[in-house]
Asks: 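Here it is, the structure, as structure tokens.
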Amino acid sequence: MARHLVAAGELLEDDPEAALAHARFARHGASRIAVVREACGLAAYHAGQWAEALSELRASRRMGGAPHVPVMADAERALGRPERALEIARSPESAELPRDEAMELLIVTSGARRDLGEYAAAVVGLQIPELDVRREDPWTPRLFYAYGEALVSAGRRDDAVRAFLDAAQTDTDGETDAEERAALVAAGVDTAPGELDEELTDDGDVTADEQAAAEEIAEAEKVAEPDASVADDGSADRSTDDDAVAAEETSADHAR
């Protein structure tokens, strides 16, 4: 069982489905051990199995395991229950969270407010001293990113662009797509970069706003890839023209 737990931990970020399979195997053989249920809950969360994640983390907590308040609140939100996410955020356990988990819970709470249409509250909830580009806390980029999303929902697009750019500035490890998100919002596109890629893959249709956003992103990333299908000297175009002339001459000969 221990080996399966180790494998689950190692695969959690890169292959959450495989991590969940290992965690489930461990749970099958040791379902009464809190750390096993905790590992299964976290693996299920990373794999997008929200209901299973909640069930396992609740079981772990009953056995004396860590509460994982932000994870449980986020799972409730993912299941379309933002009210329950806010209830978890108001629980006594949330007042005793370590600083990093408290920041994650604030981000989840802001998202739940947005889900409920409480856009002003979503913005105000993140206006805290930690929202400062001079800080080098690990949660700073995510805090600014969430703040940008809240501002977009509140219709404050210019402020949102600045927030996303602040997120990009503080994201030295490149964990977010903040720079791309800023370009999209500036171009009038509210769709997140990842979702935009999926939409373009699905239907192949590109709106004017999406085209402008793609150009903004290309400029931001300084992407320039030459078209290898056409030679730089224009020989491909000349070849096409020559073929057309030859065809016309052949047709004329037949006519004569």
Side-chain angles (χ1 to χ4, degrees), residues 1-116 118 121-122 125-126 128 130 137-143 145-147 149-150 173 175-176 192 194:
M1 295 306 105
R3 286 195 294 270
H4 283 287
L5 290 181
V6 171
E10 292 178 345
L11 294 169
L12 195 61
E13 297 293 337
D14 297 331
D15 192 347
E17 294 292 343
L20 180 56
H22 281 285
R24 284 172 174 167
F25 190 91
R27 180 192 60 190
H28 180 73
S31 62
R32 296 185 180 181
I33 299 177
V35 68
V36 172
R37 305 299 291 270
E38 178 183 0
C40 197
L42 293 176
Y45 173 79
H46 282 271
Q49 301 297 321
W50 317 117
E52 183 178 356
L54 282 170
S55 176
E56 294 301 317
L57 290 176
R58 285 170 181 155
S60 171
R61 185 171 59 180
R62 288 194 299 270
M63 298 174 185
H68 293 288
V69 175
V71 174
M72 294 181 69
D74 197 37
E76 289 285 11
R77 185 189 168 211
L79 287 169
R81 302 189 296 231
E83 300 91 345
R84 294 192 183 181
L86 294 178
E87 289 177 7
I88 292 175
R90 290 191 292 265
S91 66
E93 292 173 325
S94 65
E96 302 175 355
L97 292 175
R99 199 60 180 161
D100 58 340
E101 291 188 35
M103 293 297 103
E104 290 297 325
L105 185 58
L106 276 178
I107 292 171
V108 174
T109 300
S110 178
R113 294 291 185 192
R114 287 192 285 114
D115 294 341
L116 293 169
E118 300 173 2
L126 294 176
I128 57 176
E130 286 80 3
D137 299 316
W139 55 77
T140 300
R142 285 177 43 75
L143 199 59
Y145 197 102
Y147 188 53
E149 294 290 5
D173 295 329
E175 296 180 352
T176 70

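The structure displayed is predicted, hence computed values, not measured ones.
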Asks: Which pairs of donor and acceptor atoms, one on a side chain in residues 62-75, lie under 3.5 Å apart (sequence neighbours left out)?
Replies:
residue : atom : partner : partner atom : Å
H68     : NE2  : E38     : OE2          : 2.6
D74     : OD2  : Y45     : OH           : 2.5

Asks: Mind listing the closest non-hydrogen atom pair of L5 and A39 along with its distance?
Replies: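 Shortest heavy-atom contact: CD2-CB, 3.7 Å.
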
Asks: Where is the tightest heavy-atom contact between S110 and L126, given as atom of each residue plus distance?
Replies: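 Looking at all heavy atoms of both residues, the shortest contact is OG-CD1, 3.4 Å.
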
Asks: If every non-hydrogen atom of S94 is compared with every non-hydrogen atom of S91, which pair is closest and at what distance?
Replies: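 Looking at all heavy atoms of both residues, the shortest contact is OG-O, 2.6 Å.
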
Asks: At their closest point, which heavy atom of A47 faces which heavy atom of L20, and how far apart are they?
Replies: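 That closest heavy-atom pairing would be CB-CD2, 4.0 Å.
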
Asks: Got a second to check how far R24's CZ is from Q49's CD, nearest 0.5 Å?
Replies: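 R24 CZ to Q49 CD: 6.0 Å, rounded to 0.5 Å.
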
Asks: Do you know which two heavy atoms are closest between G29 and M1, and how far apart they sit?
Replies: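 Closest pair (atom of G29, atom of M1, distance): CA-SD, 4.0 Å.
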
Asks: How many angstroms lie between atom CD of E17 and atom CG of L11, to the nearest 0.5 angstrom?
Replies: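 That separation rounds to 11.5 Å.
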
Asks: Side chains of D137 and D100, heavy atoms from C-beta outward: is any pair under 4.5 Å?
Replies: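 A side-chain contact under 4.5 Å is absent here.
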
Asks: Starting from the C-alpha separation in whole Å, work towards a yes-or-no answer on side chain to side chain contact (heavy atoms under 4.5 Å, CB included) for R37 and R58.
Replies: CA-CA 9 Å; R37 305 299 291 270; R58 285 170 181 155; over 6 Å; no

Asks: Between OH of Y145 and CD1 of I107, what distance do you get to the nearest 0.5 Å?
Replies: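 Going from OH on Y145 over to CD1 on I107, the span is 12.0 Å.
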
Asks: Distance from L86 atom CG to R77 atom CZ, nearest 0.5 Å?
Replies: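 These two atoms lie 10.0 Å from each other.
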
Asks: Please round to the nearest 0.5 Å and tell me the distance separating atom CZ of R90 and atom OG1 of T109.
Replies: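 Result: 9.0 Å between the selected atoms.
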
Asks: Run E52 and C40 through side chain to side chain contact (heavy atoms under 4.5 Å, CB included) and show every step you take.
Replies: CA-CA 9 Å; E52 183 178 356; C40 197; 4.0 Å; yes

Asks: Kindly write out the residues that satisfy ring pair (Phe, Tyr, Trp, His ring centres under 6.0 Å) with H22, not counting sequence neighbours, or none if the list is empty.
Replies: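 Applying ring pair (Phe, Tyr, Trp, His ring centres under 6.0 Å) to H22 gives H4.
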
Asks: How far apart are the C-alpha atoms of R142 and E175, what are their side-chain angles, what is the distance that settles it, and do they pass the salt bridge (Lys or Arg N to Asp or Glu O under 4.0 Å) test?
Replies: CA-CA 9 Å; R142 285 177 43 75; E175 296 180 352; over 6 Å; no

Asks: What is the minimum heavy-atom distance between A44 and A53, and which atoms define it?
Replies: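 In terms of heavy atoms, the two residues are closest at CB-N, 3.7 Å.
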
Asks: Would L57 and R61 satisfy side chain to side chain contact (heavy atoms under 4.5 Å, CB included), going step by step from the backbone distance to the final call?
Replies: CA-CA 6 Å; L57 290 176; R61 185 171 59 180; over 6 Å; no

Asks: Can you check side chain to side chain contact (heavy atoms under 4.5 Å, CB included) on R114 and E118, steps first, answer last?
Replies: CA-CA 5 Å; R114 287 192 285 114; E118 300 173 2; over 6 Å; no

Asks: Roughly how far apart are E130 CD and W139 CH2, rounded to 0.5 Å?
Replies: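 Output value for this atom pair is 7.0 Å.
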
